[in-house]
Amino acid sequence: MPQEPLKPIGSEAIAPFTYPDTLLRAQRRDGPEGLDIALFGMPYDGGTIARDGARHGPGQMRQMSINIRGCNMATGAAPFADCRIADIGDAPVNSFDHEQSVDTMTAFCKEIADAGAWPLAAGGDHLITLPVLRGTVDSSDPVGLVHFDAHPDTHDAIFGTKLNHATPFRRAIEEGLVDPKRHVMIGLRGTTRETDAALDWAHEQGITMIDADMFFDLGAKATAEKAREVVGGGPVYVTLDIDGVDPADMPGTGSPEPGGMRMRDMQVILRGLRGLDIVGGDVNEVSPPLDPTGYTALNAAHLMFEILCLMGENRVAREL
Ligand code: MN
Ligand code: MN
């Protein structure tokens with residue numbers, strides 16, 4: 001590493017509630033320069049079809065990060081000891097201008113890539129993954145995707161608009177940013193219409209789908225193993241729509257679907273991805289107005305930390 005790692009806030013003998021809230025207790029920086037991994041918010045929910053509020057997700061995830069202490073007891077990962085990680089704030093958005101917001105979020109993420117840092121975002125609705133991929137992935141080197149979700153998000157358009165939280169992976173694959181043969185969806189479930197064009201299209205592209213029934217047959221460790229086989233050895237992005245998790249653990253989200261994986265399952269799957277070439281990620285669809293207790297945001301922040309551990313270990317492995 002060219003510079004000293006940045007310790008998380010509160011790593012000294014300081015009460016954790018005496019500092020401004022940041023994602024995962026990272027230090028605050030004004031930009032991505034000199035960082036290995038940039039944490040940031042994408043406070044945009046203009047892509048939501050039904051119940052909104054995810055624009056407030058990054059704020060509540062910061063509040064509920066207060067007890068994250070920087071080291072992973074289960075894996076021994078210590079990303080803040082190995083890497084320069086900071087919260088660089090929120091991407092600029094204009095809640096009255098949809099197209100402009102996608103463009104300004106994309107430009108914000110491009111600055112992260114141009115600085116040589118890897119992105120780890122807190123949404124926002126799931127549309128936010130598209131500007132992260134547009135800003136940080138080159139179509140000459142598409143990423144594999146580990147995609148946790150109850151829904152495939154591969155519709156072509158909803159109400160005639162092509163940019164919303166049901167379409168990001170249709171766009172990302174069309175634009176060559178994601179390799180569908182290295183795309184695995186985990187946690188699909190719920191109801192569909194009589195014909196489901198989004199699922200049909202995803203099948204045609206060769207996307208691997210581990211639906212909730214398959215997950216409960218396989219178990220968490222075998223699910224991680226299957227995901228590893230699909231994404232293989234190239235660069236991988238982890239996108240975690242929290243509605244992939246059961247609403248018992250993630251009640252505060254716009255499109256909850258009963259009968260999903262629990263927090264413990266998610267921790268085991270994510271830890272089972274260690275060693276993959278994970279270069280970016282996001283946790284999205286936390287809607288604080290739908291869960292003012294903060295329990296959803298707490299769980300989301302802890303899963304974001306699991307992804308940070310994977311990225312930190314990979315960043316070190318890449319530079320060895
Ligand atoms: Mn979903
Ligand atoms: Mn989604």
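It should be emphasised that the depicted structure is a prediction, and the values quoted were computed from it without experimental measurement. Positions are given from 1 along the sequence. First listed ligand is number 1; within each ligand, the first listed atom is number 1. Basis for what follows: all heavy atoms, side chains included, without hydrogens, waters or symmetry-related copies.
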Q | Distance criterion under 2.8 Å: protein N/O/S atoms around the Mn ion (ligand 1) | A | 5
Q) His183 vs Phe169 aromatic rings, parallel, tilted or perpendicular, using cut-offs 30° and 60°? A) perpendicular
Q: Is it possible for you to say whether Met64 and Leu120 belong to one hydrophobic cluster, with membership spreading through side-chain heavy-atom contacts below 4.5 Å?
A: no
Q.
Please determine whether a side-chain nitrogen of the Lys or Arg among Arg318 and Asp277 lies less than 4.0 Å from a carboxylate oxygen of the Asp or Glu.
A. yes
Q: Give a yes or no on whether the ring-centroid distance for His98 and Tyr44 is below 6.0 angstrom.
A: yes
Q: Decide whether Ser255 and His165 meet the rule of one side-chain donor and one side-chain acceptor closer than 3.5 Å.
A: no
Solution key, residues 209-226 side-chain donor-acceptor pairs under 3.5 Å, sequence neighbours excluded:
{"residue": "Asp211", "atom": "OD1", "partner": "Asp213", "partner atom": "N", "Å": "3.2"}
{"residue": "Asp211", "atom": "OD1", "partner": "Met214", "partner atom": "N", "Å": "2.8"}
{"residue": "Thr223", "atom": "OG1", "partner": "Gly219", "partner atom": "O", "Å": "2.7"}

